[in-house]
Number of protein chains: 2
Amino acid sequence: MMRLPDKWLLGLIQNRVVDDKKTNIDTAGKMIAEAAARGAEVVALPEMFNCPYNSRLFPGFAERYPDGETIGMLSEMAAAKNIYIFGGSIPEREEKQIFNTCFVFGPDGSLLARHRKCHLYDVDLKDGLTFKESDVLERGNRITVVNTPFGKIGVGICYDIRFPEMARAMALQGAVLMVLPAAFNLISGPAHWELTLRMRAVDNQFYVAGVSPARNEQASYVVYGHSMLVDPWGKIVQSLEEKEGIIVAEVDLERLRRVRDEFPLLKHRRVDLYELREL
Amino acid sequence: MMRLPDKWLLGLIQNRVVDDKKTNIDTAGKMIAEAAARGAEVVALPEMFNCPYNSRLFPGFAERYPDGETIGMLSEMAAAKNIYIFGGSIPEREEKQIFNTCFVFGPDGSLLARHRKCHLYDVDLKDGLTFKESDVLERGNRITVVNTPFGKIGVGICYDIRFPEMARAMALQGAVLMVLPAAFNLISGPAHWELTLRMRAVDNQFYVAGVSPARNEQASYVVYGHSMLVDPWGKIVQSLEEKEGIIVAEVDLERLRRVRDEFPLLKHRRVDLYELREL
């Protein structure tokens, strides 16, 4: 097995999503190029970076692999810049079904993995916010951990982070980083975004990258922003506010090993005591 | 089944632990009486509330059930004040073994449950803090959820909270509150205390009460303090700073039901995808 580099640079793209798909693809492409120019070897995008987060729009924006223009841009940029791209998510069509999917491309432009959101966001807050993804979307049925020369990288999408079991499964599969394209809103964002990203990192002693679109106050669903990279001790390495921006920050695997060595949480688990069952 | 009350008062005791056991028992007894006088129907104490947190002292302070004087005080106070007492923890001796144990008494003074810390704190931080409970203590082998007229209440002790699987198991068994006697220190406290209590509450949509001793700068192990009650949305209901003090705060089961109804995380788990295995 090849030795992992001790440190490498991760790029996170917080683009402002508008109603026009072509504009979103162009913006994302330019921002990926900038992150690569700043040294990022792995670049991650936000959830629904090519489409406003509105389930009525998903069918019209959906693409089939490998033909879609968003998918094509991601593959071409990965090859052109010699980087790994975790393509946030886009609406993906397969036969009559639509998924919320993250396509992952390697530096030769080939598809390495595809994560389909496993936990669909069906909530009904009494103070107004209601969203029911399952009206339009099908759910994925696999936890995704991608093998790269920078370490194994898990991918979840937004609501997937709400379930500690999923991040844990990634850590147990050897992930050093969990990438989370997401679109928290102005209720869940202030309440839980930073808290959740930090805690999954602390519990699993790996890096967690939350990648959100920039805030667009004109949208029907207003996202929180605040993309950030968190280290395995729960410290925020770098974060954005609500505006468009790029993070290029260090993933330090030496630090990860030190945290796991000094504070061996993962080894202290009592698997004999726990249970996995329905409520 | 008896209907649970919609709201009830929980008392949390943050006493300052000194070297003299008798003083610690007296202080705790007075503070329990004060919490009961303020209306608390369930009262919880901190980890090692009768003994400085120093594993060399545990054998000398240890008590056997039912004879120990700390154990006797807890049982008598529960009966005298007609309350439930979650007796933080004390060193418990059974034959040649010592455990870090929480004794739980009901309003008739009888023992309802006994939780022995399941995850022992063996860490070696390079910047100085080293602690190895397993040199002196044996570990418990059961997750503890106590049935009370106020709802089911889970009990963990300190490092037990580090393992999301344990809090989750309690939620799956129907707990509405997790009580955590603990003694985080000046490294883990600022880094992770509030974060962890809040996140276990959010993930499991129940109340979490973290109960620490007050800070004693003269002790060999200086604790963080900051006892707090967190609600099922992750909001801090009430908290203390580092000094001695008492919290009497409301556990609102109506709020718990509303959070679970509007944002049904526990129902959205995908048990088909997760795994429970060793690292």
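Nothing here was measured: the structure is a model prediction, and the numbers come from that model.
- Interface summary for chain B: among Glu194(A), Glu278(A), Arg269(A), Arg198(A), the most heavy-atom pairs under 4.5 angstrom belong to Arg269(A).
- Minimum heavy-atom separation, Arg142(A) to Leu273(B): N-CD2, 4.2 Å.
- Counting non-hydrogen atoms of other residues, nucleotides and ligands closer than 6.0 Å to CD of Glu241(B) gives a total of 12 or fewer.
- Residues Tyr159(B) and Leu265(A) meet the side-chain proximity criterion, which asks for heavy atoms closer than 4.5 Å.
- Here Leu172(B) contributes atom CG and Tyr274(A) contributes atom OH; the two are 13.5 Å apart, rounded to the nearest 0.5 Å.
- Between the CD atom in Gln173(A) and the CZ atom in Arg277(B) there is a gap of 5.5 Å [rounded to 0.5 Å].
- For Leu276(A), the parts sitting under 4.5 Å from any heavy atom of chain B are the backbone and the side chain alike.
- Checked options Arg168(A), Arg200(A), Arg162(A); the residue passing with Asp203(B) is Arg200(A) (criterion: salt bridge (Lys or Arg N to Asp or Glu O under 4.0 Å)).
- Contact tally against chain B (heavy-atom pairs below 4.5 Å) for Arg139(A), Glu262(A), Met166(A): the top residue is Glu262(A).
- Chain A forms the most heavy-atom pairs under 4.5 Å with one residue out of Asp272(B), Leu266(B), Leu195(B), Val202(B), and that residue is Leu195(B).
- Remark: side-chain polar atoms of Arg270(A) are paired, donor with acceptor, to backbone N or O of Cys118(B) under 3.5 angstrom.
- Of the inter-residue distances, the one linking His268(B) atom NE2 with Tyr121(A) atom OH reads 10.5 Å to the nearest 0.5 angstrom.
- Using a 4.5 Å heavy-atom threshold, the side chains of Met199(B) and Thr196(A) count as touching.
- The greatest number of non-hydrogen atom pairs below 4.5 Å with chain A, out of Asp261(B), Ile143(B), Val259(B), is found for Ile143(B).
- The main-chain N or O of Trp233(A) is found under 3.5 Å from a side-chain atom of His192(B) such that the two form a donor-acceptor pair.
- With a threshold of 4.5 angstrom between heavy atoms, Asn141(B) approaches chain A through its backbone and through its side chain.
- To the nearest 0.5 Å, the span separating CG on Leu279(A) from NZ on Lys267(B) amounts to 8.0 Å.
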